[in-house]
Amino acid sequence: MTAPTLPSRFDPAEIEARWQRHWEAQRCFQAPERPQGPRFVLPHPPPNVTGVLTLGHMLGDTVRDTLARWHRMRGEATLWFPGLDHAGLATQVEVRRRLQKQGIRLEDLPREQVLAHVEAWKREHEARILEQIRAGGFSVDWSRYRYTMDDGAVRATRKVFVELYERGLIYRGERIVNWDPRLRTAVSDLEVEHAEEPADLLYVRYPWADGAPGGLLVATVRPETVFGDVAVAVHPEDPRHREALGRQVLVPLTGRSVPVIADPGVDREFGNGALKVTPRHDPLDFEIARRHPELAQPPSILSDDGHLEGDWVPSPYRGLDRDEARVTVSEALRAGGFVDRTERIVHSVGRSERSKAVIEPRLSRQWFVKVRELAPPVVAAVRAGTIRIHPPRWDLTFFRWMEALQDWCISRQVAWGHAIPVYYCAACAHEMAAESPPVGCPKCGASRLTQDPDVLDTWFTSWLWPFLALGWPEETSDLAHYYPTSVLVTGRDIMFFWVARMMMAGFAFRGAAPFSDVYFTGMLRDEQGRRMSKHLGNSPDPLDVVRNRGADAMRFALLFPNPVDQDGPFGEGTLDGARNFLTKLWNLVRFALPYLPEGSSPAAPPPLTTGSSLEDRWVVSALGRTLEQVDASLSAFEFTKAAGALYEFLWHDLADRYVEVAKEALSGQRGEAASREARATLLFVLDQLLRALHPMVPHVTEELWHALPHEGETLALAAWPRASEVRRDPEAEVAFEVVWDAIRTFRNLRAESKVPAGERPDAAVLPTGAEERGLLERELATVRRLARLGELCLLGSAAERPPSPTRSVTAHGEFFLLRPATVESGEAVERERERLTALLERTRARLADPGFRARAPPEVVAETEAKVRDLEDRLRRLADTVGEAP
RNA sequence: GGGCCGGUGGUCUAGCGGUUAGGACGCCGCGCUUACAACGCGGAGAUCGACGGUUCGAAUCCGUCCCGGCCCA
């Protein structure tokens, strides 16, 4: 007999690379141009070219691949389109950092040179990122790879800008924006991280302008901005400051006289209830100044890189960096006797996500999108369930944000990004937005036009991804066939940046939701529970993980045992578990191979009948149950449950129980017919199991499937198992449980009474009823073999009970090891009796409660009564066997 | 300040009104066996964060509080 063989050790590196090449060469994952029937479409969140992929990306990709391969095996036209994001500001920051190490300041370079450096960066990182995706074995369609800066993306971005501009949803305006003085650009609200930080709160006295003694105490953490003050504001209903209203105070260090005004925006609880109004450098102050048009229009006092500037700043302070200025001004205020007191407080400080510089609120002219007007269809779709969010607990967070949308600042003062397609006439200053550069001014005919110098926020392109990547603005065949997409899988961290905006864009430009489901994965932590971060160095490179443990082990470890949708630990321990699982699978197939020689028929449902062996009937039924659960779990985006069901079945049902029971039949000791049936059953179950596991661990399953008799070219394109066609056999499941109970009980008795492993003690069993008797009679040999017993005697009646103290009572029977008493066996019986007695008392007490009988549903009462009867019976038998009265 | 999530054996978690509270890792004992020591068999270990309430019945529902994490302002 020539059996196909497998190496005794499973070497993922060789196997994985081989199958990855095969799948790619065979174009297994290229979606058809003209798909028929149901479709399944996954957008790949294009990773930032900024860096390399993290395990967090691998988690998302594993989930996506599990979905993609599952749907593909179910026969759906499946498209997973990959891409890359140019990540404007983020990438420029990285390039800037790299140049800095070479002693070059990015700001000193002409734009073309900056772009050349960015392009070089992109080439290096793109290669690495693609290598990482390939190493994971993810079934993306490389023929549809896109980049958010390619020609199509440029056209799409410009078209969207112009369209929104023409609809009046994009405007340019002077607003207080979040200014990053280190990167010298505006950033959006979402790019600001708030954190509690300590600060000195100065109580500064603003003297009365009329020379009266005293003055108004104003509390501030930003004394350096006094030079931009145009007023001091108090709450109109604040009795402390009623008399100050309408008077003038002098701004310290400048001698300028400003009015005390009333405004309801002032927080009476903060400081002394008086607020210095610096309109160009604080959003609230800006609002207040808008309500008081009589106030002076101040010039900017802070430059774009955070230095004091302008006529209102006295010369000694001009040119100081804002941090130095804070110290210098504080000292000057103290020296001048203006500081009443200082408090150390903790307050919320905003920092730029990219540069970590403290955000400077700054009046600035920027481009904005009125996103509020794009929101209603999105909110309606999520409310109506047209778009479903998983897990659903994120609905609330989503709605809260959608309902409080602020205008989105989309202009950035950096080099790397899509240029804003707005042109200004040099002659008449006419402003126009156009998809391609206009040749002349449509208004005055002048030919000299200048383009807006700013570029767009990266997300202004990314939010178009689901249709951009399918060819829009061209009405491509892909767009017609594959839009809208099916599921967006991503991390919650970009729920607002990206997910919500994609929905808005989908409705605004395609008139439809971009996807029907959103699935948020959790965030990975290390095994100490810390967030994975570059900074901590606890975030391994996925390529290293793949090299050391294999892609399949990485993938399975990401799915199981920790819930995919919760933040959870990931590390060596989790990877070990996954590797062990795959090794188990590997060895299971190795075990099976000699029974399935070359030329065996490919897997098919074994022709089982009620006369077939119990284990065959049982294992097929258990498989059916498992497959059903896998389908239900995957449909509900419960990946961990699906993985868990397969883990449980493979390890504990198939390997620990079925194979052990079936070894006899497989090897032919029960005759030719039994052997044939067992082999067919084993092959069928393994084949179905490999199919069901394939979406999660594609390489090892593909390898093993090919080692077994099979039909078809590749498992990746084989049919998904149909749970409904797997023979279910509830009777066999119950019966097997009785047999296993006997095996387990005898094994227990052996261990409790320290029977040496090599010894085969004689034993006896008194079954509870006729059914158990028949079953145990039929399966006597199996029980003996797996419990490693000598003779096993089936007792005819209670009178035949042996006096052995090594005994145990279960719901199915009384079990005896026929060997001399030991201290341990006596203690074990005693412990069991105590446990059952306590349980019985508790259950009786519940039954004795009149309220229970009156209010509980009848079936629960009946159940409880049955439980009491069972416990009483078991205790009586336990007492009997020990030779005591009940 | 507002909101969300979580608190179950040493660790990670399942269960989310009636269960003898399940599993994995770790730990302890024994290692016979036609795949697998990255393994097998068995075991110990949890008053389910605290206190109240609802209920015949609460890990599970409600309230308050404490602890950890995250998001928004």
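Since we're looking at a predicted model, the values are computed, not measured. Lettering of chains follows the sequences in order, A, B, ..., and the numbering in each one begins at 1.
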Which part of the nucleic acid does [X] contact within heavy-atom distance under 4.0 Å: base, sugar-phosphate only, or nothing?
| X | answer |
| --- | --- |
| A:A856 | base |
| A:D493 | nothing |
| A:E193 | nothing |
| A:L396 | sugar-phosphate |
| A:A592 | nothing |

**Prompt:** So, for A:E660 and A:R785, which heavy atoms are closest and what is the spacing to 0.1 Å?
**Reply:** O-NH1, 3.0 Å

**Request:** Taking all non-hydrogen atoms of both residues into account, name the closest pair between A:A578 and A:A553 and its distance.
**Result:** CB-O, 3.3 Å

Less than 3.5 Å apart, which donor and acceptor atoms pair up between the side chains of residues 643-651 of chain A and the rest of the protein, not counting sequence neighbours?
none

Counting only Watson-Crick pairs (N1-N3 plus N6-O4 or O6-N4) and G-U wobbles (N1-O2, O6-N3), all under 3.5 Å, who is the partner of [N]?
| N | value |
| --- | --- |
| B:C27 | B:G43 |
| B:C51 | B:G63 |
| B:A35 | none |
| B:G68 | B:C5 |
| B:A21 | none |

Rounding to a whole Å, what distance do you find between [X]:[atom1] and [N]:[atom2]?
| X | N | atom1 | atom2 | result |
| --- | --- | --- | --- | --- |
| A:E859 | B:G57 | CD | P | 18 Å |
| A:N587 | B:C36 | CG | C1' | 4 Å |
| A:M495 | B:C5 | CE | P | 12 Å |
| A:R579 | B:C36 | CZ | P | 16 Å |
| A:R393 | B:C4 | CZ | P | 13 Å |
| A:F639 | B:U13 | CZ | P | 19 Å |
| A:D526 | B:C12 | CG | P | 12 Å |
| A:L524 | B:C12 | CG | C1' | 14 Å |

**Prompt:** Using the ring of each side chain (for Trp, its six-membered ring), is A:F496 parallel, tilted or perpendicular to A:W401, with breaks at 30° and 60°?
**Reply:** parallel

**Earlier contact from the 5' end, RNA chain B, for A:R853 and A:F10** = A:F10

Sticking with atom [atom1], work out how far [N] lies from [M], rounded to a whole angstrom.
| N | M | atom1 | answer |
| --- | --- | --- | --- |
| B:C61 | B:G42 | C1' | 39 Å |
| B:C65 | B:C28 | C1' | 40 Å |
| B:A14 | B:G9 | C1' | 14 Å |
| B:G45 | B:G10 | C1' | 9 Å |
| B:G7 | B:G15 | C1' | 15 Å |
| B:C36 | B:G18 | C1' | 41 Å |
| B:G43 | B:G26 | C1' | 14 Å |
| B:A59 | B:C16 | P | 14 Å |

**Asked** Between B:A14 and A:Q566, is there an OP1 or OP2 to side-chain N/O distance shorter than 4.0 Å?
**Response** yes

**Request:** Ignoring hydrogens and angles, state whether a donor on the side chain of A:N748 or A:T745 is under 3.5 Å from an acceptor on the partner side chain.
**Result:** no

**Message:** Is it true that A:E191 and A:S188 share a donor-acceptor pair across their side chains at a distance under 3.5 Å?
**Reply:** yes

Apply salt bridge (charged side-chain N to carboxylate O under 4.0 Å, His left out) to [X] and list each qualifying residue two or more places apart in sequence or on a separate chain.
| X | answer |
| --- | --- |
| A:E779 | none |
| A:D687 | A:R691 |
| A:D653 | none |

**Prompt:** Which residues within residues 545-554 of chain A lie with some heavy atom under 4.0 Å of an atom in RNA chain B?
**Reply:** none

**Message:** Looking at A:H347, is its backbone amide N or carbonyl O close enough to the side chain of A:E197 to form a donor-acceptor pair, meaning the two atoms are under 3.5 Å apart?
**Reply:** no

**Message:** Test your reading of the model: is there a side-chain donor-acceptor pair from A:R501 to the backbone of A:F497, 3.5 Å cut-off?
**Reply:** yes

**Prompt:** How would you list all residue pairs meeting salt bridge (charged side-chain N to carboxylate O under 4.0 Å, His left out) that involve residues 566-581 of chain A, not counting sequence neighbours?
**Reply:** A:R492-A:D567, A:R525-A:D567, A:R549-A:E572, A:R549-A:D576, A:D576-A:R579

Which protein N or O atoms sit under 3.5 Å from an N or O of nucleotides 7-9 of chain B?
none

[X] side chain near [Y] side chain, heavy-atom distance below 4.5 Å:
| X | Y | result |
| --- | --- | --- |
| A:R393 | A:F520 | no |
| A:T806 | A:R819 | yes |
| A:T640 | A:L559 | no |
| A:P569 | A:N562 | yes |
| A:I15 | A:V700 | no |

Check the interface with nucleotides 19-21 of chain B: list each N/O to N/O pair with the protein under 3.5 Å, or write none.
residue : atom : partner : partner atom : Å
B:U19   : OP1  : A:R846  : NH1          : 3.1
B:U19   : OP1  : A:R846  : NH2          : 3.1
B:U20   : OP1  : A:K867  : NZ           : 2.6
B:U20   : OP2  : A:K867  : NZ           : 2.3
B:U20   : O2   : A:R835  : NH1          : 2.1
B:U20   : O2   : A:R835  : NH2          : 3.4
B:U20   : O4   : A:R874  : NH1          : 3.0

**Asked** Do A:Y519 and A:F639 have their ring centres less than 6.0 Å from each other?
**Response** yes

Below 3.5 Å is the cut-off: list the nitrogen or oxygen pairs between protein and nucleotides 43-47 of chain B, distance only.
residue : atom : partner : partner atom : Å
B:G43   : OP1  : A:N748  : OD1          : 3.0

Name the pairs: protein N/O against N/O of nucleotides 66-73 of chain B, kept only if under 3.5 Å.
residue : atom : partner : partner atom : Å
B:G69   : O2'  : A:R525  : NH2          : 2.9

**Fill in**
For nucleotides 22-33 of chain B, 5' to 3', base contacts (B), sugar-phosphate-only contacts (S) and non-contacts (-) with protein non-hydrogen atoms under 4.0 Å give --S-------BS

**Complete:** Residue pairs passing the side chain to side chain donor-acceptor pair (under 3.5 Å) test with at least one member in residues 839-852 of chain A, sequence neighbours excluded, are A:R844-A:E872

**Message:** Given the ring of A:F399, does A:R383 sit roughly above its face, with NZ or CZ under 6.0 Å from the centre of the six-membered ring and within 45° of the axis?
**Reply:** yes

**Message:** Is there a salt bridge (charged side-chain N to carboxylate O under 4.0 Å, His left out) between A:R676 and A:E672? Walk through the geometry before answering.
**Reply:** CA-CA 6 Å; A:R676 212 168 27 242; A:E672 183 55 30; 3.6 Å; yes

